[in-house]
Structures are given as C-alpha cells and as structure tokens.
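One structure is given below, encoded as structure tokens.
All ligand and atom numbering here is 1-based and tracks the order in the structure.
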Amino acid sequence: MVFKGCKVFSIDLRSDTLTRPSPGMLKAMATAEVGDDAYGEDRYVIELQEFCADYFGKAAALFMPSGTMANQVALRSLTQPGDEVICDASYHINFFESAQSADLGRVTLNPIYTADGILTLDNLANAVHSKARWNDTYASPTLVWVENTVSTHAGKIFPLVTLEALSDWCQEAAMSLFIDGARILNACVGANIQPAKYASAADALTMCFSKGLGAPFGSILMGGKDFIARARRYRKWFGGGLHQSGFMAAAALYAIKNNVEQLMEDHKNAALLAGILRQEPRFSVKEGETNMIVFDVGALNMTASEFVQQAAAENVLLMEWRANEVRAVTSSNVNRELIVQAGHRLVNLAKRLAVGSTRMLENQTKVALLTQAGELNELRTG
Ligand SMILES: Cc1ncc(COP(=O)(O)O)c(C=O)c1O
C-alpha cells in the first residue's frame, strides 16, 4: 500500500470499497462460462438477477456496473424530466450526485436537512405542502428517495417502522419510494431484518456488491417488471450495456452467497475500534450502528486533514470527513487483530500529539511571560 510517500503495509480503514476479491471469488470469476449479455445469453448475469430478485422479493432485477449508474438509471426510470425528488441533503444522491441527477437523472432534488439522515413523515408533508402543488409553475414531487444505511451518518440504519410509514404516505400521495441500498445488507444484518421486508416498503431499490460484500464491481437494481424494462433501456443509453459481464456477475453471485456473514464481523470490528478509541478522552467517538465510525479530533487542536496525515505516518489510513471529523470503515480488508493494532496506534498517537501540544503551549506561555518581564524591566529602568 502506498500512501503519500509511505511504502509499508498499512491498515486501511478508508472505505469498504477497497476490498480485493478473495481466492474463492477469483476462482468463481475465472471459471465462469460467459455469454453476451446484450443478447441475453450470459447465464451468470441471468442467474445473478434472478437470485437477487428472489432474495429481495422483487419481480425483476438488473445487473449494473456501479451504484452511481444504478441511481441515475433509477431516476430516469421512475420519473419524468423536471420532476422533484425528495431526499435528505446528506444522501449520496445529493451530496455526491447532485450534478449527475440534474444532467443524467433529469430531476430536481428537494434536499431536506435532517440531523441524522432519517426522513420522517413531517419532513415529507412539509416538503410537499410548502409547494402549491396545484400550481403548474412548480416541479411535481413524484419520488421519495431514502438511503439505507446512511453512509454520511456513520452507516446509520434506516428504521423499518419509519420506512413503512413513509411508504404508506407515498402510496396515498401517489408518489414512488426508492431505497439507495448500497449497504442495505449491512442494515439487514445489523437490525436482523429480512432483505425482502425492507424491499417491500419500496417500489424499487439498489444494492452494491462492491462495498462490504467484497466484489470488484457492480450493483443490482430491483423492482417491478415494467420498471426494470425501462431501466434496461436507460442502462444501454448510459453506456452500461455490457457484453461478457458474466465474469463480474460470477463475483457478485459469489459475494451475495458467501460474504453476507462477513458484514456481521465488520460491525463487531467497528464496535471494537470505537471501544478502543473511547479510551482516549480527546477522541469524541460517534459510533455508527454498522461498519463505520466517525470521531472528532478537535480536542487535539487539529483539523481532520492534519490528523489523517499523522495517522498515515503511523500506517493507519483514515478518511477526512468533516472539518474535525475522521471516518473509519471496517471491511474484510482488516481483521480483528489489525483493528486492535489500529486502535492502539491511534490512541498512542493522540497521547503523543497531546503532549506535543501541551509542550508547545508551555513554551508559548514562557515566551509570553519572559517578554512581559522584559517589558516591565524596561519600564522600571527607563
Ligand atoms: C449510499 C451510496 N450510494 C451510491 C454509491 C455509489 O456507488 P459507486 O461507487 O459504485 O458508483 C455509494 C458509494 O459509495 C454509496 O455510498
């Protein structure tokens, strides 16, 4: 691992997208008998789509190259150009994909600012009633967009009861509900909820193979048959119609059949890391509920960016999150033993940095006192 000049083994906690295929997954890819998916002849793609549709209790599924393309194809397939989509401001669709949603998805986002990324009935009611819906001037709100888990809120699980209430509300309002479920299996494992239970609250949803499930590529888009037929068309338009994608579908199939249990390990490791970091009072740890934690380093008088550089020098790779907040994500990249090592390296680093900043403060105080004393002397002798 090479990171800003350090060329030694690092414990990489930047993201769960950094995993590499396991030997079993590589074998599944290497031995896949592929066909051309443009002709509907790749049996691994067909098997993956059928497996996922069944797993999530939806009528149909479509293999997509990435979560971003799946989101944009979903927008095009569920809305008319110019429609309004209600989402939380922190969701990937707004935070990272606002330009794509305008340009490719062709919608206008109505981002709601919640404290924790969990949209409520009140949020929806306000978002819709703050508009004169009967007036042709305004964009038509036709879609509610939910993310589960909420990646910018340390992998928070969207509560099923809240989601079901939103779903009922959408039905009454004749609006669709979509789940960006890049990490929905983390929510299922974390809350012990069947995937089909979450999926039944939504008209359509996605799930990524390339996050904690450890595949190198791909997402699945799921929903009704007509929706998937429209999505297949837009996937082609967006350049996502692939040919021998069975090699990747084989990896994805291996991931969903073999790696869901790994997510539970990742959650335990995130909780373990949070526990170790809490031993250091200068870290303010906001434990996530799944495979991410976010902690504040402001008490060390450092920005997140400075702390991330210091941690990298200790061979622990983290992600700068907000001004003073740092994110760590667990995955199959990092086992329990490495988590313990990473936690202790970070705690020791914080202690050293704190001693350093106390010494600096002492020196600054000494200089200030000496200067003051000198000025007094000058006054006395002057
Ligand atoms: C919630 C969520 N949705 C969508 C995406 C986009 O996935 P991809 O990187 O495969 O385009 C991500 C990526 O991290 C994500 O966290």
Is the gap between the ring centers of F227 and F178 under 6.0 Å? no

Contacting atoms of ligand 1, where contact means under 4.0 angstrom from a heavy atom of S66: 10 (O), 11 (O)

Starting from atom 15 (C) of ligand 1, find the nearest protein heavy-atom neighbour and note its residue, name and distance. H92 CD2, 3.3 Å

With heavy-atom distances below 4.0 Å as the criterion, list the atoms of ligand 1 near G67. 6 (C), 7 (O), 8 (P), 10 (O), 11 (O)

Donor-acceptor check, side chain of E289 to backbone of I157, threshold 3.5 angstrom: yes or no? yes

Among V146, N148, V150, the one residue meeting side chain to side chain contact (heavy atoms under 4.5 Å, CB included) with I118: V150

R14 side-chain N/O to V329 backbone N/O, donor-acceptor pair under 3.5 Å: no

May I ask you to decide if G246's main-chain N or O and D42's side chain share a donor-acceptor pair within less than 3.5 Å? yes

Once the angle between the rings of F51 and Y55 is folded into 0 to 90°, is it parallel (under 30°), tilted (30 to 60°) or perpendicular (over 60°)? parallel

Numbered in order shown, the ligand 1 atoms found under 4.0 Å of a heavy atom of E147 are 1 (C)

Distance-only, no hydrogens or angles: does the S331 side chain make a donor-acceptor pair with backbone N or O of D16 under 3.5 Å? no

Heavy atoms only: which of A70, A182, G155 lies closest to atom 2 (C) of ligand 1? A182

Determine yes or no for a side-chain-to-main-chain donor-acceptor pair under 3.5 angstrom, with N258 supplying the side chain and Y254 the backbone. yes

Atom 16 (O) of ligand 1: nearest protein contact (heavy atom, Å): R183 NH1, 2.9 Å

Per-residue contact class, D180 against ligand 1 - non-hydrogen pairs under 4.0 Å: side chain

How does N71 reach ligand 1, if at all, at less than 4.0 Å between non-hydrogen atoms: by side chain, backbone, both, or neither? side chain

Is there any N or O on T68 that sits under 3.5 Å from an N or O of ligand 1? yes

If we set the cut-off at 4.0 Å for heavy atoms, which region of M69 has an atom near ligand 1: side chain, backbone, both, or neither? neither

Identity and separation of the nearest protein heavy atom to atom 9 (O) of ligand 1: K211 NZ, 4.0 Å

